[in-house]
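Take a look at the structure set out below.
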Amino acid sequence: MLRVYNTLTRKKENFETIEPGLVKMYVCGPTVYSDAHVGHAMSALVFDIVRRYLEYRGYKVKHVMNFTDVDDKIIARANQMGVDPFALANGYIHDFEEHLSDLNIMPATANPQATRTMDKIQAMIQGLIGKGYAYPAANGDVYFRVTRDDDYGKLSARKLDDMQAGARIEVGELKEHPMDFALWKAAKPGEPAWDSPWGQGRPGWHIECSAMNLHELGEQIDIHGGGNDLIFPHHENEIAQSESFTGKPFARYWMHNGMLQLGGEKMSKSLGNLITITEFLEKRDGDVMRMIVLNGNYRSPLAFTDEALDAAERGLERIKSALRHSSGQGLQPAAPSAKNAPADVLSALAAQTETTQQTFTDSMDDDFNTSGALAGIFDLVRQVNTARDAGATAGQLAPAQATLRELTGVLGLRLAEKTGSSDADKFIALLVEVRGEVRKQKLWPLSDLIRDRLKELGVTIEDSKDGTAWRWS
RNA sequence: GGCGUCGUGGCCAAGUGGUAAGGCAAGGGUCUGCAAAACCCUCAUCACGGGUUCGAAUCCCGUCGACGCCUCCA
């Protein structure tokens with residue numbers, strides 16, 4: 001039984017979908033006004049892993065991730081750069097989609113944008129006004145009336161009274177209550193604007209997600225996700241809007257990922273302590289980013305340090321070591337020495353394969369416990385390597401390796417071996433062959449020179465009893 | 001100040017009542033001409049102080065500390 005931690009109840013709950021076999025999942029995407037950073041990547045990775053596991057468990061997943069493509073910051077940035085705000089936003093959307101692909105994140109089934117959902121947004125605002133949950137202000141803004149919503153604050157576990165006490169919000173005559181928030185913002189001169197019953201303007205931030213949910217997934221959804229910095233006010237307001245509009249419970253499970261920490265603080269655009277995804281991928285493989293996420297708990301803060309990244313990288317190497325054998329990609333085989341492994345080694349391998357499979361499912365079923373799942377995977381890695389060392393043939397290793405491939409695949413790891421050009425491969429093979437002859441003559445300084453120089457060129461050589469294997473590294 | 005999450009070995013991190021998974025690093029060993037890789041061995045009593053219990057990292061209370069939200073934010 002899959003169990004999921006629900007922010008709304010602060011408990012792990014049994015996972016039951018509204019429609020059998022189908023999961024409707026909405027994840028808040030970025031506001032596209034600047035380069036995305038690795039914190040955005042973390043969020044996307046977390047929910048990619050959730051999705052992959054749900055699909056592995058046999059669910060069909062409708063996965064929607066939006067782009068907020070009109071808001072104050074986009075407009076400000078575009079004005080500052082002297083470009084069209086829509087062009088700016090679309091450029092960043094394009095970049096983001098490329099990043100997702102680089103990180104092996106599956107494309108969502110739909111990527112709605114605020115600017116393309118305008119009629120739905122307006123219809124929803126109209127509906128809310130009609131039901132008394134919202135009111136137009138004198139200046140053309142439309143606000144949500146929080147006092148009308150009995151359980152406002154339930155997601156973030158705070159009460160209206162408490163918030164008011166600490167609020168530093170100008171009360172302004174426009175709002176009835178300081179916590180009332182904008183559904184529609186009247187346009188100022190020079191701002192992009194749409195016609196509406198309340199005059200020229202654009203949607204507030206929260207309403208777009210409610211409208212997109214309704215349009216893409218319906219009145220009720222299974223999973224609503226995003227970073228935990230969105231719990232308040234964004235998701236709180238979404239619930240308020242959606243439930244006031246439909247009169248039905250909105251999302252069954254609210255899932256929130258923890259924040260990436262850089263230097264002990266949350267990585268964010270406003271603090272400026274960020275590493276962009278582009279910068280990251282210049283130095284490390286996308287698998288490394290995924291691995292560091294998998295190693296931790298998705299709900300906890302994640303310390304983003306070079307040390308942790310190095311550890312993730314080494315761990316990946318270890319998993320790859322178990323996947324290699326005579327036919328591995330990029331690995332030139334040593335002569336297979338397989339003489340059949342002892343029976344007890346093979347039965348241990350078969351047993352571990354089954355255990356790992358079980359551990360994987362048990363762990364992932366427990367609120368996507370990826371580090372527990374990884375532990376099981378590493379146990380199998382060890383057993384595969386042990387069996388190989390004991391002389392197992394490729395055929396004997398194959399089932400265990402297939403399981404490794406499958407499970408790491410569910411986690412979204414690519415585990416690709418590096419490759420060079422096939423032209424280069426031929427010359428390297430020749431060089432390795434020559435070095436083999438040199439070694440037969442025990443000309444160690446020369447053979448070591450070849451090994452060292454190849455290493456510098458990104459080719460790793462490993463000698464064994466059966467010959468020499470090499471691969472790009 | 002209010003609300004929330006959390007505090008496990010050098011680092012990252014599982015584990016929510018029965019005597020601490022896994023990864024990285026480190027030390028020792030096997031293999032190797034040497035190396036690399038792999039494999040084997042070693043390495044914690046769970047922030048602190050009380051309490052409940054036959055028994056607690058795991059439940060309760062308190063203290064200290066960290067982080068997040070309360071304003072845009074994945």
Side-chain angles (χ1 to χ4, degrees), chain A residues 7 10 12 27-31 33 36-47 65 68 71-73 76 153 156-159 161-169 179 205 225-234 236 256-261 264-271 291-292 294-297 299-303 305 307-322 324 359 363 366 369-379 381-390 439 442-445 447-448 451-452 455 460-465 469 471 473:
Chain A
T7 305
R10 318 255 165 207
K12 287 182 191 171
V27 181
C28 287
T31 300
Y33 69 93
H37 58 74
V38 286
H40 298 105
M42 176 185 179
S43 186
L45 279 165
V46 164
F47 291 100
M65 186 189 75
T68 299
D71 96 324
D72 292 342
K73 293 199 174 171
S156 52
R158 55 189 85 193
K159 295 185 172 62
D161 297 340
D162 296 341
M163 286 187 277
Q164 235 183 316
R168 289 170 290 161
I169 299 165
M179 295 309 292
W205 175 35
N228 69 13
D229 54 349
L230 297 182
I231 294 173
F232 190 90
H234 186 53
E236 193 69 71
H256 293 97
N257 62 278
M259 294 294 103
L260 213 54
Q261 310 280 139
E265 275 184 311
K266 169 184 164 185
M267 183 180 294
S268 76
K269 291 178 186 175
S270 18
L271 287 172
M291 190 65 175
I292 197 173
L294 290 169
N295 182 53
N297 179 305
R299 288 191 275 127
S300 303
L302 178 61
T305 62
E307 220 180 345
L309 290 167
D310 288 343
E313 212 160 67
R314 297 299 315 277
L316 284 169
E317 276 307 310
R318 234 165 91 59
I319 299 177
K320 284 186 201 173
S321 75
R324 287 178 193 137
T359 304
S363 298
D366 181 16
N369 180 351
T370 49
S371 57
L374 271 185
I377 284 171
F378 277 109
D379 287 339
V381 164
R382 172 172 298 108
Q383 208 57 241
V384 168
N385 286 333
T386 297
R388 190 204 289 102
D389 285 357
R439 289 183 73 228
K442 301 194 190 300
L443 299 172
W444 307 125
S447 86
D448 289 352
R451 183 173 63 196
D452 294 346
K455 183 77 187 173
T460 297
I461 282 195
E462 293 174 5
D463 297 317
S464 76
K465 264 189 179 133
R471 62 189 157 81
S473 57

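Every chain is numbered from 1, with letters handed out A, B, ... down the list of sequences.
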Counterpart base for B:A21, defined by Watson-Crick or G-U wobble contacts under 3.5 Å: none
N or O in side chain of A:T31 less than 4.0 angstrom from B:A74 OP1/OP2: yes
Any A:N297 side-chain N or O less than 4.0 Å from OP1/OP2 of B:A14: yes
Short N-O contact, A:E317 and A:K320, less than 4.0 angstrom: yes
A:R382 CZ to B:A37 C1', straight-line distance once rounded to whole Å: 15 Å
Selected nucleotide, minimal atom distance to A:M42 side chain, candidates B:C70, B:C24, B:A74: B:A74
Side-chain-base donor-acceptor pair under 3.5 Å for A:N369 and B:G15: no
Closest nucleotide among B:G22, B:C72, B:G2 to the A:R158 side chain: B:G2
Donor/acceptor link under 3.5 angstrom from A:N295 side chain onto base of B:C12: yes
Between B:G23 (P) and A:L294 (CG): distance, integer Å: 15 Å
Whole-Å gap separating C1' (B:C72) and NE2 (A:H40): 11 Å
5′-ward residue of the pair A:R318/A:A308 relative to RNA chain B: A:A308
Residue A:P30, side-chain heavy atoms: nucleotide from B:A74, B:A36, B:C69 that is nearest: B:A74
Stacking check A:W444 vs B:G33 (5.5 Å / 30 deg): yes
Out of B:G68, B:C70, B:A36, whichever nucleotide has its closest atom nearest the side chain of A:T460: B:A36
Whole-Å gap separating C1' (B:G23) and CG (A:L316): 10 Å
Phosphate-side-chain proximity, A:K266 and B:C69, N/O vs OP1/OP2 below 4.0 Å: yes
Proximal nucleotide (of B:A74, B:C70, B:G33) relative to the A:N257 side chain: B:A74
Euclidean distance, atom CG of residue A:D71 to atom C1' of B:U71 [Å, nearest integer]: 14 Å
Nucleotide forming a Watson-Crick or wobble pair with B:C6, both distances under 3.5 Å: B:G65
For B:A38, the Watson-Crick or wobble partner whose two distances fall under 3.5 Å: B:U30
Atom-to-atom span, CE of A:M267 to P of B:A74 - whole angstrom: 13 Å
B:A56 pairs with, by Watson-Crick or G-U criteria that keep both distances under 3.5 Å: none
Any A:N385 side-chain nitrogen or oxygen under 4.0 Å from OP1 or OP2 of B:C39: yes
Quiz item: A:R299 side-chain donor-acceptor pair to B:C6 base, under 3.5 Å: no
Under the side chain to side chain contact (heavy atoms under 4.5 Å, CB included) test, residues paired with A:R439 that sit two or more places apart: A:R435, A:W444, A:S447, A:D463, A:T468
Integer-rounded Å distance: B:A13 P and A:L309 CG: 12 Å
Stepwise side chain to side chain contact (heavy atoms under 4.5 Å, CB included) check, A:D366 with A:K12: CA-CA 8 Å; A:D366 181 16; A:K12 287 182 191 171; 2.9 Å; yes
Short side-chain N/O contact to B:A37 OP1/OP2 from A:R451, under 4.0 Å: no
Integer-rounded Å distance: B:U5 C1' and A:D229 CG: 14 Å
A:V381 vs A:N385 side-chain heavy atoms within contact, under 4.5 Å: yes
Separation of the C1' atoms in B:G9 and B:A44, to the nearest angstrom: 4 Å
Residue A:E307, side-chain atoms from C-beta onward, closest of B:C11, B:G23, B:C67: B:C11
Donor-acceptor pair (no angle test) under 3.5 Å: A:D448 side chain, B:G33 base: yes
A:K455 and A:D452 ion-paired at < 4.0 Å: no
Between the protein and nucleotides 25-32 of chain B, are there any N/O to N/O pairs under 3.5 Å, and if so, what are the atom names and distances?
unit_1	atom_1	unit_2	atom_2	d
B:A25	OP1	A:R314	NH1	2.1

Candidate nucleotides B:G23, B:C67, B:A38, ranked by approach to the side chain of A:Q261 - the nearest: B:C67
